[in-house]
Amino acid sequence: MMTPANDPIHVISADEADMIENLTLKLAQQYSGPEDEELLRELPVIAADLPVAQRRYIRNFALDDHNGYCVIRGHKIDDERIGDTPAHWRGRPTPSPEFAEEILMLLHGALLGEPFAWRTQQDGRLVHDIFPIKGYETEQMGIGSTELLTLHTEDAFHPYRADFLLLGCLRNLKGIASIVADIRVDQLSDEHIDILMQDRFIIRPDDSHLAENNLTGHEDGAKFSEIDRLKKDDVRVAVLWGDRSKPYIRIDPYFMEVPDDDPEAKEAFSAAEEMLERNVADVVLEPGDILIINNHRLAHGRRAFIASYDGRDRWLKRVSVTTDFRKSRAQRGLATARLI
Ligand SMILES: NC(=[NH2+])NCCC[C@H](N)C(=O)O
Ligand SMILES: O=C(O)CCC(=O)C(=O)O
Ligand SMILES: [Fe+2]
């Protein structure tokens, strides 16, 4: 196919869904958990067993670099087997009852690059949980609920942030929407684009990487020293980069600032924010959906909702994927290590 795939949703057939479920259930018996070295090594090899149409669709999405997101729809979720939506991401068994769904996420990740994660998030787990956690209702984190999760590039502050972000839906009974916003460069002036492409914008780590939101109290917290440094330093970055006519974006206004002595940059930043706000759209994930986000071409977030904490709350899984493992080599210790 030569033209960019325009349909943002690829629906798999019932037969394909059965085949994939059998595959992931079998794999869940063979491996010890989502961080199993052998599983991770085999991922792209096993992913070749996914239906060819699905693999081709994802390949086109990645190569065309045009659409900000796509959804693979129709995977089966065994609501009974996965059990209640947990109260917290800490203290879950390995493997978890939803290991097959975690494998499904990792297989999709392997079609796009290498799954990786952060030492500073969710105890360094490779597959993250996103569900509301009591006490965090008003926080600007995936575990919040009552506030709009404002538009952001995932881990925008970090030079090694994901190229692709996968959000897999296990449960969403109330149809709570994720939000997405494309970059519409035609809605920005040439002057603003020029400024947005320069390193004039201060960015800080978001709260999900802070020690206070991740420590058990047992470890020394040394792994958060880089985050502390980035939090204090006024690191200045560009909001747009790459091809001027189809630029990449790096933005998380909630954790960004424009220096007071740079009114031009302030104005350009507001224009970028307004452009994104104008283009916000809802994407309601259904169980079995995998939302694939091009983290350089789309900002995303989530609508506000009221959590019930009754085991039926919305539950997503999240995997970050890089297309260039080498750039973070010095941070990872071993060539095969996946934590930055
Ligand atoms: N605008 C924002 N809320 N940015 C932070 C995003 C939340 C973060 N990715 C998390 O894991 O919780
Ligand atoms: O819950 C969602 O739909 C998105 C969550 C998210 O963006 C995040 O946790 O970073
Ligand atoms: Fe996010």
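Counting starts at 1 for both ligands and their atoms, in listed order. Since the structure is predicted, the reported quantities are computational estimates derived from the model, not experimental observations.
- Residue contacts with ligand 2 leave out Met141, since none of its heavy atoms falls under 4.0 Å from the ligand.
- Of the listed options Cys169, Ser178, Gly301, Ser178 places a heavy atom closest to atom 3 (O) of ligand 2.
- The part of His300 lying near ligand 2 is the side chain, judged by heavy-atom distances below 4.0 Å.
- For the residue pair Asp163 and Thr323, a side-chain donor N or O sits within less than 3.5 Å of a side-chain acceptor on the partner.
- Listed as neighbours of ligand 1 are Gln121, Gln140, Met141, Gly142, Leu149, Thr150, His152, Glu154, Asp206, Ser208, Asp252, Tyr254, Phe255, Arg318, each bearing a heavy atom under 4.0 Å from the ligand.
- The closest donor-acceptor contact from the side chain of Asp243 to the backbone of Ser245 lies under 3.5 Å.
- In the vicinity of Gly142, heavy-atom distances shorter than 4.0 Å reach the ligand 2 atoms 9 (O).
- Annotation for ligand 2: atoms under 4.0 Å from non-hydrogen atoms of Ile130 are 1 (O), 9 (O).
- Asp260 is listed as a side-chain neighbour of Lys266, based on a closest heavy-atom distance under 4.5 Å.
- Between Arg171 and Thr85, the side chains place a donor N or O and an acceptor N or O closer than 3.5 Å (distance only, hydrogens not considered).
- Within ligand 2, counting atoms from 1 as listed, the ones closer than 4.0 Å to a heavy atom of Glu154 are 10 (O).
- Centroid-to-centroid, the aromatic rings of His209 and Phe157 come within less than 6.0 Å.
- More than 12 heavy atoms of other residues, nucleotides or ligands shown are found within 6.0 angstrom of CZ on Arg278.
- Nearest non-hydrogen protein atom to atom 8 (C) of ligand 2 is Arg318 NH1, 3.2 Å.
- Under the side chain to side chain donor-acceptor pair (under 3.5 Å) rule, Ser208 has a single partner from Gln121, Glu139, Gln122, which is Gln121.
- As for Glu154, its N/O/S atom nearest the Fe ion (ligand 3) is the one called OE1.
- Between the side chains of Asp65 and Tyr248, a donor-acceptor pair is found at a separation under 3.5 Å.
- Using the six-membered ring where Trp is involved, Phe131 and Trp315 have ring planes that are perpendicular, over 60° apart on the 30 and 60° scheme.
- At least one N or O atom of Arg314 sits closer than 3.5 Å to an N or O atom of ligand 2.
- Within a 6.0 Å sphere centred on CD of Gln187, other residues, nucleotides and ligands contribute more than 12 heavy atoms.
- Side-chain atoms of Arg92 and Ser96 form no donor-acceptor pair, as typed in the model, at a separation below 3.5 Å.
- Residue Leu316 touches ligand 2 through its side chain alone, judged by heavy-atom distances below 4.0 Å.
- If you number the atoms of ligand 2 from 1 as listed, the ones under 4.0 Å from a heavy atom of Leu149 come out as 5 (C), 6 (C), 7 (O), 8 (C).
- A donor atom on one side chain and an acceptor atom on the other are not found under 3.5 Å apart for His10 and Gln54.
- With ligand atoms numbered from 1 in the order given, ligand 2 contributes 1 (O), 2 (C), 3 (O) to contacts under 4.0 Å with heavy atoms of Arg302.
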